[in-house]
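Below is one structure, written out as structure tokens; the observations come after it.
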Amino acid sequence: MPQTTPYSSKFNPSTAYGHRQPVEENYGGLHYRDNKLVSGSLEALIQLLVPTVDYYPDRSYIFTFLLSSRLFLHPFELMSRVCYLCVDHHRVGDPQTDKKRIREIAPKIVQLLTEWTETFPYDFRDERMMRSLKDITHRLAFGDELSRRAMQRLIQRLLRKLTTLGQYEESLATSSASAAMDRPVALKSKQQLVRRDECVLNLCDDPFIFAQQLTHIEMERLSFIGPEEFVRAFAQKRPSDNHKSFFSKRKTSNLEAYVEWFNRLTYLIATEICMPVKKKHRARVLEFFIDVAQECFNIGNFNSLMAIITGMNMNPVSRLKKTWNKVNTDKFDILVHQMDPSSNFYSYRTALRGATQRCSTAHTSQEMIVIPFFSLFIKDIHFLNEGCVNRLPNGQINFEKFWELAKQVSEFLSWRQVICPFERDRKTLQYLISAQVFNEDELQLASYESEGPENNLERDTRRSLRSSLSRM
């Protein structure tokens with residue numbers, strides 16, 4: 001099997017040395033501390049990526065450099081440089097000698113390109129990257145038929161993956177367009193929508209099944225987030241306009257689409273709670289979503305858990321005091337504490353470490369599920385960027401920073417590889433993806449219609465909302 005994503009256990013960013021002085025060493029433009037690469041010139045780092053007959057780079061280095069190098073040069077430029085150093089640089093002009101050298105190095109070139117195409121397939125949406133890939137396939141055919149066939153299989157796998165990615169992104173675009181077209185219809189009939197007691201419980205009244213369907217959506221959307229998308233947090237210091245175009249080239253950001261899914265789920269939860277006319281029905285929906293949140297916690301789906309808590313804490317929901325009074329909130333209070341942002345989300349981070357440990361010793365695929373609270377995960381990467389420079393004062397690349405970035409992203413990729421083990425409930429999945437949700441004003445009005453204003457300010461707000469929304 002080809003090597004793909006490295007596991008986070010390969011990364012050890014620790015720089016603690018106790019009372020002794022670390023050993024500092026320099027080799028050909030690379031700086032090491034206690035045998036760990038900490039900085040280097042761009043050219044030296046590229047050289048370290050290039051395999052030879054007697055050398056193949058460590059997988060953790062391959063991943064880290066391919067991830068971070070795009071901050072300093074376009075992937076196509078790196079591909080061109082690697083191809084030159086692997087093949088052209090060693091040509092001597094004698095056909096037999098050149099053929100022998102290509103045959104000796106070809107398997108390692110195939111291995112490097114396999115890791116590149118399987119871990120960073122989005123890079124090869126650039127037509128120049130695909131041309132380079134086909135060109136090196138042709139060059140390898142000069143010396144080694146087995147490697148040529150291996151490259152053909154590599155390209156076929158890559159094309160299948162890119163096709164799947166394209167279909168997924170097309171489905172996201174179609175869903176967004178459909179929601180935009182349906183929105184005016186929903187607005188015209190919002191009063192009818194608000195005044196009804198049909199709710200999600202008529203579709204699925206089992207919290208465990210509902211949490212499983214949420215987990216299906218989370219894991220599917222996570223699986224399409226490419227590791228290079230995390231480098232967007234580092235992309236403010238771009239070397240050129242051409243490099244900038246690489247980051248804007250993508251038709252859609254799957255990372256951004258995943259964040260939008262969190263927002264949608266938050267508003268869907270609030271919509272379902274505010275929509276029923278009768279207090280007892282609203283209370284039943286509240287209790288149901290508390291149970292769903294508990295099941296998400298048990299599964300390890302922290303992103304859906306946080307979305308549910310966020311939706312239930314929105315003002316249109318939290319102000320429904322008569323409804324909340326009919327609900328036992330002990331379980332909800334515990335879940336809120338688990339996701340409490342105080343002390344840098346200490347309780348959540350403890351729970352996440354527990355889920356990660358369970359994953360590492362799992363006996364079933366269900367025990368392997370870890371879905372982090374994604375906005376916090378992105379924020380951690382942002383703070384890493386803000387707290388560390390990309391280049392040191394001597395001009396060398398700060399590779400310590402990128403080891404830490406790679407560790408965080410690699411851990412995410414190991415979670416992303418897990419296959420969701422739960423059975424699909426197509427009706428519930430379709431509801432979660434396509435059900436209409438209220439915006440903030442509609443939610444606030446629905447809340448006031450459910451439990452009337454308590455003071456003059458709220459009465460004025462309701463009057464204003466009724467007037468503005470009726471004109472839409």
Side-chain angles (χ1 to χ4, degrees), residues 1-7 10-11 27-30 32 35-37 40-70 73 75-121 123-124 126 128-159 161 227-228 399 402-403 406 410 413:
M1 295 294 292
Q3 294 182 339
T4 54
T5 307
Y7 294 101
K10 285 183 174 288
F11 297 96
Y27 299 101
L30 300 172
Y32 291 83
N35 293 320
K36 178 192 170 186
L37 177 64
S41 67
L42 180 59
E43 182 60 30
L45 292 171
I46 293 174
Q47 289 277 358
L48 195 61
L49 179 71
V50 176
T52 66
V53 174
D54 303 316
Y55 164 78
Y56 188 78
D58 183 82
R59 287 184 66 207
S60 61
Y61 177 76
I62 294 172
F63 178 74
T64 303
F65 187 67
L66 289 179
L67 180 68
S68 58
S69 63
R70 63 200 66 233
L73 75 168
F76 168 69
E77 296 172 313
L78 177 60
M79 171 69 91
S80 299
R81 186 71 180 140
V82 168
C83 290
Y84 170 76
L85 292 172
C86 283
V87 181
D88 295 335
H89 184 62
H90 297 289
R91 289 186 182 275
V92 297
D94 177 63
Q96 291 303 318
T97 302
D98 289 343
K99 184 174 183 179
K100 180 181 177 182
R101 290 188 176 186
I102 290 175
R103 186 165 57 246
E104 290 174 341
I105 191 65
K108 291 182 179 179
I109 297 176
V110 173
Q111 185 178 354
L112 177 63
L113 293 175
T114 297
E115 298 208 34
W116 194 337
T117 55
E118 293 195 356
T119 310
F120 298 92
D123 288 352
F124 295 86
D126 186 332
R128 296 172 299 175
M129 291 287 285
M130 288 300 297
R131 284 198 299 268
S132 292
L133 200 59
K134 293 175 181 178
D135 179 58
I136 200 167
T137 300
H138 178 73
R139 296 188 189 190
L140 293 181
F142 173 71
D144 185 46
E145 177 65 17
L146 291 177
S147 294
R148 185 190 68 82
R149 293 178 182 177
M151 286 295 296
Q152 287 180 334
R153 291 192 294 271
L154 179 155
I155 292 174
Q156 290 171 356
R157 289 195 302 270
L158 174 62
L159 291 175
K161 180 170 286 190
E228 74 282 355
F399 216 71
F402 298 119
W403 282 128
S410 182
L413 294 181

### Task
Please round to the nearest 0.5 Å and tell me the distance separating atom CD of Glu77 and atom CE of Met129.
11.0 Å

### Query
By side chain to side chain donor-acceptor pair (under 3.5 Å), which residues pair with Arg153, not counting sequence neighbours?
none

### Query
Got a second to check how far Leu48's CG is from Asp58's CG, nearest 0.5 Å?
9.5 Å

### Test log, rule side chain to side chain contact (heavy atoms under 4.5 Å, CB included), inputs Ile109 and Met151
CA-CA 10 Å; Ile109 297 176; Met151 286 295 296; 5.8 Å; no

### Task
State, to 0.1 Å, how close Ala44 and Gly28 come at their nearest heavy-atom pair, and which atoms those are.
CB-O, 3.4 Å

### Query
Looking only at heavy atoms, which two atoms of Leu154 and Leu113 are closest? And how far apart?
CD1-C, 3.7 Å

### Query
With a 4.5 Å limit on heavy-atom distance, are the side chains of Phe65 and Ile46 in contact?
yes

### Thr119 side chain reached by Leu67 side chain, heavy atoms, under 4.5 Å
no

### Summary
side-chain contact (heavy atoms from CB on, under 4.5 Å) test vs Lys108 passes for just one of Pro51, Pro57, Cys86, namely Pro51

### Message
Tell me if a side-chain donor or acceptor on Tyr55 pairs with a main-chain N or O of Val50 at a distance below 3.5 Å.
### Response
no

### Query
Got a second to check how far Leu42's CG is from Gln47's CD, nearest 0.5 Å?
10.5 Å

### Query
Going by heavy atoms in the side chains, are Arg157 and Thr114 under 4.5 Å from each other?
yes

#### Entry: Arg81: partners by side chain to side chain donor-acceptor pair (under 3.5 Å), with sequence neighbours left out
Glu43

### Message
Between Pro75 and Asp126, is there a side-chain heavy-atom distance shorter than 4.5 Å?
### Response
no

#### Entry: Trace of the side chain to side chain contact (heavy atoms under 4.5 Å, CB included) decision for Tyr56 with Ile62
CA-CA 10 Å; Tyr56 188 78; Ile62 294 172; 3.5 Å; yes

#### Entry: Closest contact, heavy atoms only, Tyr61 versus Leu45
OH-O, 2.5 Å

### Task
Answer yes or no: is there a side-chain heavy-atom contact under 4.5 Å between Leu78 and Leu66?
yes

### Query
How about Phe76 and Ser80: do any of their side-chain heavy atoms sit closer than 4.5 Å?
yes

### side chain to side chain contact (heavy atoms under 4.5 Å, CB included) evaluation trace for Leu133 with Leu158
CA-CA 11 Å; Leu133 200 59; Leu158 174 62; 3.7 Å; yes

#### Entry: Salt-bridge contact Asp135-Arg131 (side-chain N to carboxylate O under 4.0 Å)
no

### Message
Run the side chain to side chain contact (heavy atoms under 4.5 Å, CB included) test on Ser69 and Phe402 for me, step by step, so that the C-alpha distance in whole Å, both residues' side-chain angles and the decisive distance to 0.1 Å come before the verdict.
### Response
CA-CA 9 Å; Ser69 63; Phe402 298 119; over 6 Å; no

### Task
Identify the two heavy atoms, one from Tyr32 and one from Leu37, that lie closest to each other, and give their separation to 0.1 Å.
CD2-N, 3.5 Å

### Task
Locate the shortest heavy-atom distance separating Met130 from Ile155; write the atom from each residue and the value.
CE-CG2, 4.4 Å

### Trp116 to Phe124 - nearest heavy-atom pair and separation
CD1-CE1, 3.6 Å

### Query
Phe120: what forms a ring-ring contact (aromatic ring centres under 6.0 Å, His included) with it, not counting sequence neighbours?
Phe63

#### Entry: Rounded distance [0.5 Å steps], OG1 in Thr64 versus CZ in Phe399
5.5 Å

